[in-house]
Amino acid sequence: MRKSRKFSATRRSFLKGAAVAGAATIAPPIAPATAVPETGSAPIQDARAETSVPPEVDVLTTEHCGSDFMLDVLRSLDIEYVSSNPGSSFRALHESIVNYGGNRKPEFITCLHEESSVGMAHGYAKVEGKPMGVLAHGTVGLQHAAMAIYNAYCDRVPVFMIVGNSLDATMRRPGVEWLHSVQDAASIVRDFIKWDDTPISLQHFAESAARAYKIAMTPPMEPVLLVADSELQERALAEKDRLSPQRITRTTPPQGDSGAVAEAARLLVAAQSPVLIADRAARTAAGMKYLVELAETLQAPVIDQGGRMNFPSRHPLNQSSRARALVADADVIVGLELTDFWGAVNTYRDQLERSSRRITKAGAKLISITSGDLYMKSNYQDFERYPEIDIAMAADAEATLPALIEAVKRLLTADRRNALQDRGQKLASAHRSSLEQARVDATYAWDASPISTARLFAEVWAQIRTEDWSLVSSSQSNWAPRLWTFDKYHQFIGGSGGAGVGYGAPAAVGAALANRKYGRLTVNIQNDGDLMYAPGVLWTAAHHRIPLLNVMHNNRAYHQEVMHLQRMANRHNRGIDRAAIGTTIDDPNIDYSKMAQSMGLYAEGPITNPRDLGPAIRRAIAAVKRGEPALLDVVTQPR
Amino acid sequence: MNILIMLFVALIQNPAPPRGNVENGKVLFTKIGCYQCHGIEGQGAVTGPRLNQNPITYTRFVSYIRKPSGEMPPYTAKVVSDQQAADLFAYMQSLPRPPAVESIPLLKQ
């Protein structure tokens with residue numbers, strides 16, 4: 001049975017109202033025979049349909065289409081880039097970006113896997129402070145993207161997802177388009193996105209896009225998703241002037257209740273051993289400055305868990321390496337966007353009989369300021385174990401810090417300030433000791449091969465320390481904060497969030513894309529197992545001329561899993577020499593240098609002699625300064 | 001006399017370790033997974049403390065690996081014999097001292 005877009009447009013116009021009603025009279029009927037199925041079980045084409053003269057009523061072209069307006073909407077949101085693996089369900093929007101928009105703001109960033117698309121957007125958002133667009137199929141693309149979306153969700157990062165879909169079954173091309181259509185596209189990721197919608201008109205798309213952007217950017221920031229129906233995208237646009245993108249007013253981040261802030265200040269000023277624990281506390285550079293001001297006002301130690309660049313690494317009040325001792329001695333503990341407060345005040349033992357123990361002193365007061373309390377879902381358990389909190393502010397930490405600082409200052413007397421200075425001097429002394437200890441610790445295995453992680457980080461630091469650098473993804477080692485001087489917000493962006501492997505490489509490329517216009521030297525310490533999830537993102541970096549220094553922490557294993565398997569073997573008193581089975585990435589060793597070179601990167605390696613590392617890093621940085629991505633394959637110790 | 005008694009008690013509590021084979025200990029250190037948390041040269045990491053130049057008696061070493069109080073997986077006598085434990089201990093004792101921190105320019109930055 002022949003069906004046409006004319007029928008569909010008429011039905012759709014009933015749904016959409018007046019805004020695009022004109023399309024029903026303009027959109028031409030198109031014979032199904034002209035559609036080109038991609039593969040599979042589509043009917044054999046009739047050559048007569050291709051060669052016969054079309055009826056006069058057939059209008060085969062149009063100057064504008066619905067996706068042009070969708071692009072106007074994306075531009076109104078100031079979306080700079082859209083990362084995507086191309087797909088037919090959003091072919092019109094793709095074409096609008098390229099031709100109607102001239103491939104500028106947003107620019108189409110070609111990705112070789114949807115997980116890379118989202119991972120890039122994840123890294124970009126943490127540098128730029130706003131979301132990047134991601135285009136994907138609503139079915140097969142979104143399934144590929146799901147893990148990366150979960151990482152962004154756990155990491156409280158906004159990502160603006162647009163997925164193509166063909167809602168009207170009568171309009172789908174036979175074959176693949178059916179396989180790539182779905183009733184409810186967002187359902188597969190709805191547990192770990194903040195909001196989604198399936199607009200059925202272009203104005204609906206505009207309003208939902210504005211709403212989605214606003215929701216994504218309100219703490220806790222999270223991914224959002226819009227479905228772009230292929231009919232809406234492809235229909236001729238006749239009444240474009242009657243449609244308009246929506247103006248966005250960003251929601252003011254929620255600030256802590258004034259009474260709770262005052263009580264927290266009273267406890268902090270009176271405390272003998274207060275501790276500030278920051279996880280994703282600093283959303284912006286201002287957040288870091290506020291935390292420094294609060295810590296200095298109180299002369300209180302800060303434990304930076306590294307969810308963001310919260311606190312300068314060489315600040316005398318940075319006591320991150322003494323976390324457990326400080327928590328055990330504390331009488332007041334403040335958690336700032338601290339996802340796992342329970343884990344911060346308890347020890348946990350992973351033996352046959354699992355056990356835990358609270359390590360805080362009796363009577364220690366716990367104060368939490370987190371926007372996480374404002375938004376939580378039930379299925380995925382990223383909220384961690386329930387902590388018993390004394391003052392819980394459901395508020396954004398960065399937005400609350402100025403009021404807390406002022407409240408603390410109002411309560412400080414001259415005598416109290418003097419007492420706090422004494423505390424600060426002791427903490428400064430402990431900080432110096434920690435720093436010296438880190439240097440001594442780094443000497444062990446200094447000349448070892450495989451190369452020690454301390455040597456790796458020391459060699460990289462020596463080459464970047466005078467540059468405007470940004471470490472955008474790092475390994476499981478803790479040497480960067482111990483040996484490097486972090487004092488600017490853009491110098492660190494935290495980790496994956498969901499601990500889903502495959503985050504590091506794409507997030508680094510996305511962050512480097514954001515850093516490019518600022519001329520920063522972007523550095524990624526790249527784990528081998530992580531890279532192999534979707535290494536094609538290296539090609540994306542080369543293709544789009546994204547400068548990025550990748551230095552591999554190649555321990556030739558999923559080392560976390562090596563340790564887990566070892567633990568199980570020991571627990572069961574058997575096969576303790578078999579932990580490498582299924583967990584290591586050797587025999588054959590992967591030649592990451594050749595792999596990177598094949599995708600257009602400057603690359604060297606494998607580097608096994610620590611004395612070769614410094615010169616290789618200098619050569620790689622020279623390539624990065626020419627605007628290229630570079631990769632050094634460094635064979636390292638496990639951690 | 002008191003000193004002799006104290007020495008005797010100390011010997012009972014800290015018996016001399018079996019003679020360990022350094023080379024065998026080195027092989028075991030990798031083979032049974034010690035390196036995973038402590039590093040190939042026992043330098044330590046976020047996952048486990050430094051073993052190189054970290055004084056510990058043989059008695060305490062054996063006691064700990066048999067019944068660790070922390071996160072370390074247990075190495076019972078069923079999977080690591082006393083002789084193998086001695087070999088591991090000998091290997092750890094043989095690890096060279098690292099270079100002085102002052103001799104490494106990169107660590108002064």
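Letters A, B, ... mirror the listed sequences (proteins, then strands); counts begin at 1.
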Chi angles and distances behind the side-chain contact (heavy atoms from CB on, under 4.5 Å) call for Val79(B), Asn570(A):
CA-CA 8 Å; Val79(B) 291; Asn570(A) 284 46; 5.6 Å; no
Under 4.5 Å from any heavy atom of chain A - which part of Ser69(B):
backbone
Which atoms of Pro68(B) are under 4.5 Å from chain A, going by heavy atoms: the side chain, the backbone, both sets, or neither?
both
Under 4.5 Å from a heavy atom of chain B, the part of Arg482(A) involved
neither
For the side chain of Glu41(B) and the backbone of Tyr444(A), is there at least one donor-acceptor N/O pair under 3.5 Å apart?
no
Side chain / backbone / both / neither for Leu107(B) at chain A, heavy atoms under 4.5 Å:
both
Of the listed residues (Thr453(A), Asn478(A), Val440(A), Asn555(A)), which shares the most heavy-atom pairs with chain B below a 4.5 Å separation?
Asn478(A)
Toward chain B, the part of Ala579(A) with a non-hydrogen atom under 4.5 Å:
side chain
Heavy-atom distances under 4.5 Å only: say whether Glu459(A) touches chain B with side chain, backbone, both or neither.
both
Closer than 3.5 angstrom, by distance alone: can the side chain of Gln43(B) be matched with the main-chain N or O of Ala442(A) as a donor-acceptor pair?
no
Arg439(A), part contacting chain B, at a heavy-atom distance under 4.5 Å
both
I'd like to verify something: which residue of Arg567(A), Arg639(A), Arg574(A), Arg578(A) has the highest number of heavy-atom pairs under 4.5 Å with chain B?
Arg567(A)
Asn52(B) side, atom CG; Asp441(A) side, atom CG - distance, nearest 0.5 Å:
11.0 Å
Approximate separation, where rounding is to 0.5 Å, of Ile576(A) CD1 and Leu28(B) CG
8.0 Å
Counting neighbours of NZ on Lys108(B) that are heavy atoms of other residues, nucleotides or ligands and sit closer than 6.0 Å, is the number greater than 12?
yes
Could you state the interatomic distance from OG1 (Thr583(A)) to CD (Gln36(B)), rounded to the nearest 0.5 Å?
7.5 Å
For the CD atom of Gln637(A) and the NE2 atom of His38(B), what is their distance to the nearest 0.5 Å?
13.0 Å
Does Arg349(A) have more than 12 heavy atoms from other residues, nucleotides or ligands lying within 6.0 Å of its CZ?
yes
Heavy-atom pairs under 4.5 Å with chain A are the metric here; pick the option from Pro74(B), Pro99(B), Pro96(B) that has the most.
Pro74(B)
Please flag which part of Lys31(B) lies under 4.5 Å from any non-hydrogen atom of chain A: side chain, backbone, both or neither.
both
Distance, nearest 0.5 Å, that separates OH of Tyr75(B) from CD of Gln566(A)
4.0 Å
Against Leu106(B), only a single residue in Phe457(A), Trp446(A), Trp461(A) fulfils side-chain contact (heavy atoms from CB on, under 4.5 Å); can you say which?
Trp446(A)
